[in-house]
Amino acid sequence: MSYNLFLLAFVLGITGAFQYGLQVSIINSPAEYIKTFICKTWLKRYGSPLSTEMITLMWSFIVSIYSIGGLLGSSSAGYLSVRFGRKKAMLFANIPALLGAALMGLSRLCGSFEMIIAGRLFSGVCGGLALNIHIMYAGECAPRKLRGLIAITASTSIAAGKFVGFALGLREVLGVEALWPILLAANALPALVQLLTLPFFPDSPRYLLIDKKDKEGCIKAVKQLWGDGDHMAEIDDMTSEQKAIRGEKAKSVWDLLRDRAVRWQLITLFLVVSCMQLMGANVVYSYVYSIFTKAGIPPDQTHYVSLGVGTTEILSTVLCGFLIERAGRKTLLWKNYTVMALALGLLTVTLSLQDSFFWIPYCSVALVFIFIMSFGIGPAGVLCPLLTEIFIQSYRPAAYVFNGVTNWIQLFILGLSFPFIVEGLGNFCFIIFLTYCLSMAIFVFLVLPETKGKTMLQVMEDFNRLNYRGKKGQAVLQQSNCSVMTKL
């Protein structure tokens, strides 16, 4: 196997999932500096100070508009990936990244906090588009035996982006008042690196063969990415999938919602993949500082705790990469969902008893790390290849659009409602996320087929047993299979 495939996964991660993780974490450190800049700018312009409520509102808008940009970016991923190909769509995602970095980096020099808002919007467009294209591109470029490992690099890139964002935000690096514009513009560097390196790699072999019907281009891409071995079995699988979809063009989201042939794939997509925000990972992260403070870590040292948490997430996703082709997707998912549910339940108890015994805070710390490790080994890692594997080529772009849109909407809604949920429920807010994790453990164990080592058509056949249950359904399935065999 050529190293080019792993180099491609690295280059994709630089602007793909890495940008998402970077933007999620990098905005926290300069919060007070940006608020001060808004106050000074407003006072200089209008001669009157801003109220505390208006400052809070503007800051909330700066944070949440990233989700609006992500929604716009993810909704365009399907069209751009089909119209221009995975490679060109990925290169295009760097344009809003550079534009956003320029706006935010020059905002203080121009005396405009509106430039920060616009920059966050463009950065969100990059995050929404690049994250979807990254996972799709990486999954389609990998051979069957490495599909899980290569796709999981997206999850590792997100974790690495979070870690780098936290590290850059430290006072010893860029987390001081004089350097916050440079901190916000840091995403320009990975965007430039990808613009210079990605053109040397081929487009997705599966896209070239199935969508563009370019078999020579597909074989050339396979040799460049996988080496000079015998890969005809993999190419034959792609050819079979091309014939099975009967020359149909890429489906729309509306087709995805109404087509019986992908009904249970859509249900799985929505429940297991698109509702990732309901796992409670962001909620646990928000409690990290208070949990570690209770355990005796000084408040001025809590920023360094984020680096430890980020390192744990990176290592757990790397571990998932080694386990996924051995244990399988289904096993890793349901077992780690169960562990996450148990950790959330016990965390609810320990946070409620935080002041009762001296050793309780240390239990909370241990549960946080157990939750993060289970999240990385299970859902965070496994769901990256799963989305590519459960849909055939014609439905895949629409599935990514649906997943991206629902995820960004949930992120926006949860970001607005979470403070009120915490205020109303306190430590018991974990019960909501515990219920979801436990429900998904049961769903995955009882319903989800194993996709490890299977072709896309074999996975489709497994889902057909769910999509076409009953005598009437079997008759429709047999008629469809006959039509496919005629095409073959």
Side-chain angles (χ1 to χ4, degrees), residues 21 24-29 31-32 63 158-160 162-167 169-172 175 276-320 335-380 414-415 417-438 441:
V24 165
S25 61
I26 209 169
I27 195 65
N28 295 317
S29 176
E32 293 304 319
V63 173
I158 293 175
K162 291 178 183 177
F163 178 86
V164 171
F166 284 130
L170 293 176
R171 290 186 297 273
E172 294 83 355
M276 278 192 69
Q277 305 303 328
L278 296 179
M279 292 178 195
N282 292 333
V283 182
V284 171
Y285 278 123
S286 69
Y287 270 82
V288 162
Y289 290 128
S290 63
I291 288 173
F292 281 89
T293 301
K294 287 282 187 179
I297 297 174
D300 60 339
Q301 300 294 316
T302 52
H303 289 289
Y304 300 98
V305 172
S306 300
L307 297 181
V309 172
T311 303
T312 302
E313 189 173 346
I314 293 173
L315 293 176
S316 62
T317 55
V318 171
L319 180 59
C320 180
K335 286 186 177 180
N336 282 285
Y337 268 129
T338 304
V339 174
M340 288 167 64
L342 290 173
L344 289 173
L346 292 173
L347 195 58
T348 302
V349 175
T350 56
L351 289 176
S352 300
L353 301 175
Q354 196 85 304
D355 300 319
S356 302
F357 304 95
F358 75 93
W359 47 268
I360 290 288
Y362 300 102
C363 293
S364 299
V365 170
L367 288 169
V368 166
F369 280 101
I370 290 171
F371 179 87
I372 292 171
M373 288 184 66
S374 298
F375 175 68
I377 297 172
L414 191 61
S417 60
F418 176 64
F420 301 101
I421 294 173
V422 172
E423 185 178 346
L425 298 178
N427 298 332
F428 292 96
C429 67
F430 289 114
I431 300 297
I432 300 171
F433 308 104
L434 181 159
T435 304
Y436 171 78
C437 290
L438 192 58

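All of these numbers come straight from a predicted model, not from anything done at the bench.
Residues passing the ring-ring contact (aromatic ring centres under 6.0 Å, His included) test with Phe369, sequence neighbours excluded: Phe292. For Ser364, the side-chain hydrogen bond (donor to acceptor under 3.5 Å, both in side chains) partners are Thr350, Gln354, not counting sequence neighbours.
Closest heavy-atom contact between Asn28 and Phe166: ND2-CE2, 4.2 Å. Summarising the geometry of Leu347 relative to Leu367, their closest heavy-atom pair is N-CD1, 3.6 Å, with the distance given to 0.1 Å. Annotation for Thr312 and Ile372: closest pair CG2-CG2, 4.1 Å, computed over non-hydrogen atoms. Ala441 and Thr338 get closest at one heavy-atom pair: CB-OG1, 3.5 Å. Minimum heavy-atom separation, Val339 to Ser374: CG1-OG, 3.0 Å. The minimum heavy-atom distance linking Met279 with Phe371 is given by the pair O-CZ, 3.6 Å.
Here CD1 of Ile158 is found 11.5 Å from CD1 of Ile314. Values are rounded to the nearest 0.5 Å. Put simply, OG1 on Thr435 and CG on Leu344 are 9.5 Å apart, with the number rounded to the nearest 0.5 Å. The distance from the CE atom of Met340 to the CG atom of Leu434 is 10.0 Å, given to the nearest 0.5 Å.
In terms of modelled atom types and a separation under 3.5 Å, the side chain of Ser316 and the main chain of Glu313 share a donor-acceptor contact.
Checking each of Leu319, Val318, Thr311 against Leu315 for a side chain to side chain contact (heavy atoms under 4.5 Å, CB included) leaves exactly one that passes, namely Thr311.
With a 6.0 Å radius and a threshold of 12 heavy atoms from other residues, nucleotides or ligands, Met276 has its CE atom above the threshold.
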Yes or no on side chain to side chain contact (heavy atoms under 4.5 Å, CB included) for Asn336 and Phe375, after CA distance, side-chain angles and deciding distance? CA-CA 7 Å; Asn336 282 285; Phe375 175 68; over 6 Å; no

What's the verdict on side chain to side chain contact (heavy atoms under 4.5 Å, CB included) for Leu170 and Leu307, showing C-alpha distance, side-chain angles and the deciding distance? CA-CA 10 Å; Leu170 293 176; Leu307 297 181; 3.7 Å; yes

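Thr348 places a side-chain heavy atom less than 4.5 Å from the side chain of Phe428. Counting heavy atoms from C-beta outward, Leu425 and Ile431 have side chains that stay 4.5 Å or more apart.
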